[in-house]
Amino acid sequence: MTPSDLEGTDRRILELLSVDGRMSYTDLGKATGLSTSAVHQRVKRLEQRGLILGYGATVNYDGIGLALTAFISIRPIDPSQPDDCPDRLRDITEIESCWSVAGEESYILKIRTATPHDLEHLLARIRAAANVSTRTTIVLSTFYENRPVT
């Protein structure tokens, strides 16, 4: 499906839900000019089509003690080994996201820890679990993240 295949009202529903995933069907209906039941049907259809993958809260990571965000690029030490890094790293809960990328590295991980000391220990765990070399970029400030669909 291309963006142009998405009907205008469905796109508007996605925009509204990307700003506030808890928006009621009634409020979605008011914003789109649809009845509550029509909005409910459209949202269910968007979920079934895989255009809405889930709903979640935006967490204040500083507030819960995870003030350090970093991106860790990883590359296998032995490229002849199976490419199973995502599976090997799946249970490391500090890893928020894992993306397969083109370029020198194979994957980029987004992580959150409390302190630089915790990051140092996390890097050792990642290297040991996946037999990879790492390159780390620490985030100093986040100006925007998880921007809504427009």
Side-chain angles (χ1 to χ4, degrees), residues 1-7 9-25 27-28 31-32 39-150:
M1 164 174 283
T2 65
S4 62
D5 292 338
L6 193 59
E7 195 251 312
T9 303
D10 288 343
R11 177 172 293 285
R12 180 71 179 135
I13 290 170
L14 291 174
E15 290 172 2
L16 292 165
L17 288 174
S18 72
V19 171
D20 179 4
R22 295 179 58 170
M23 187 175 241
S24 71
Y25 295 132
D27 289 340
L28 285 168
T32 59
V39 167
H40 183 261
Q41 289 174 348
R42 283 181 181 256
V43 169
K44 290 299 173 201
R45 193 169 45 240
L46 290 167
E47 291 170 347
Q48 291 167 349
R49 291 169 57 196
L51 297 176
I52 296 175
L53 300 176
Y55 302 87
T58 301
V59 175
N60 175 351
Y61 288 98
D62 289 351
I64 62 169
L66 297 175
L68 193 149
T69 301
F71 293 95
I72 303 170
S73 301
I74 63 174
R75 178 177 22 192
I77 292 175
D78 182 357
S80 68
Q81 293 299 310
D83 183 4
D84 59 356
C85 288
D87 291 332
R88 289 175 175 229
L89 300 173
R90 185 172 313 281
D91 294 329
I92 299 177
T93 58
E94 295 90 343
I95 300 173
E96 181 178 307
S97 302
C98 174
W99 297 285
S100 175
V101 296
E104 289 186 34
E105 282 86 14
S106 300
Y107 298 93
I108 295 178
L109 312 174
K110 179 180 179 183
I111 65 89
R112 297 193 191 262
T113 64
T115 66
H117 182 74
D118 293 336
L119 174 60
E120 184 176 18
H121 286 284
L122 175 60
L123 287 167
R125 288 172 40 218
I126 289 169
R127 290 178 190 128
N131 194 32
V132 294
S133 64
T134 62
R135 185 172 55 94
T136 303
T137 302
I138 295 175
V139 174
L140 300 176
S141 297
T142 302
F143 298 101
Y144 43 85
E145 182 176 33
N146 299 324
R147 295 173 98 174
V149 174
T150 57

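Separation of atoms OG (Ser97) and CZ (Arg112) is listed at 8.5 Å; rounding is to 0.5 Å. The distance from atom CD1 of Ile111 to atom CD1 of Ile126, rounded to the nearest 0.5 Å, is 7.0 Å. Leu51 contributes atom CG, which lies 10.5 Å from atom CD of Glu47 (distance to the nearest 0.5 angstrom). Taking CG of Asp10 as the start and CZ of Arg49 as the end, the distance is 6.0 Å to the nearest 0.5 Å. The CH2 atom of Trp99 sits 9.0 Å away from atom CG of Leu109, with the distance rounded to the nearest 0.5 Å. Here the straight-line distance linking atom CG of Leu122 with atom CD of Glu94 works out to 5.0 Å at 0.5 Å rounding.
Atom CD of Glu104 has 12 or fewer neighbouring heavy atoms from other residues, nucleotides or ligands inside a 6.0 Å radius.
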Donor-acceptor pairs under 3.5 Å, side chain of residues 134-142 to any protein atom, not counting sequence neighbours: which ones?
residue, atom, partner, partner atom, Å
Thr134, OG1, Arg127, NE, 3.0
Thr134, OG1, Arg127, NH2, 2.8
Arg135, NE, Glu105, OE2, 3.1
Arg135, NH2, Glu105, OE1, 3.3
Arg135, NH2, Glu105, OE2, 3.4

Considering only distance and modelled atom types, tabulate donor-acceptor pairs under 3.5 Å from the side chains of residues 70-79, sequence neighbours left out.
residue, atom, partner, partner atom, Å
Asp78, OD1, Ser80, N, 3.1
Asp78, OD1, Ser80, OG, 2.6
Asp78, OD2, Ser80, OG, 3.3
Asp78, OD2, Gln81, NE2, 3.3

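In this structure, Ala114 and Gly65 approach most closely via the heavy-atom pair CB-O, 3.1 Å. Residues Tyr107 and Ser100 approach most closely at CD2-CA, 3.6 Å, considering heavy atoms. Nearest heavy-atom pair, Val132 versus Cys85, reported as atom, atom and distance to 0.1 Å: CG1-SG, 3.7 Å. The minimum heavy-atom distance linking Ala129 with Leu89 is given by the pair CB-CD2, 4.1 Å. Ile92 and Arg125 make their closest contact through CG2-NH2, 3.4 Å (heavy atoms, listed as atom of the first residue, atom of the second, distance). Scanning all heavy atoms of the two residues, the minimum distance from Leu46 to Ile13 falls at CD1-CG2, 3.9 Å.
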Kindly indicate, with the supporting measurements, whether the criterion side chain to side chain contact (heavy atoms under 4.5 Å, CB included) is fulfilled by Ser106 and Val101. CA-CA 6 Å; Ser106 300; Val101 296; over 6 Å; no

Derivation of the side chain to side chain contact (heavy atoms under 4.5 Å, CB included) call for Asn131 and Arg88: CA-CA 9 Å; Asn131 194 32; Arg88 289 175 175 229; 4.3 Å; yes

Side chain to side chain contact (heavy atoms under 4.5 Å, CB included) between Thr69 and Thr113, intermediate numbers included: CA-CA 7 Å; Thr69 301; Thr113 64; over 6 Å; no

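The main-chain N or O of Gly63 is found under 3.5 Å from a side-chain atom of Asn60 such that the two form a donor-acceptor pair. At least one donor-acceptor pair under 3.5 Å links the side chain of Ser18 to the backbone N or O of Val149.
Counting only N and O atoms by type, the side chains of Tyr25 and Gln41 include no donor and acceptor under 3.5 Å apart.
Proximity of Lys110 to Ile95: side-chain heavy atoms (C-beta onward) are nowhere separated by under 4.5 Å.
Taking a cutoff of 4.0 Å between a charged side-chain nitrogen and a carboxylate oxygen, Glu15 and Arg147 do not qualify as a salt bridge.
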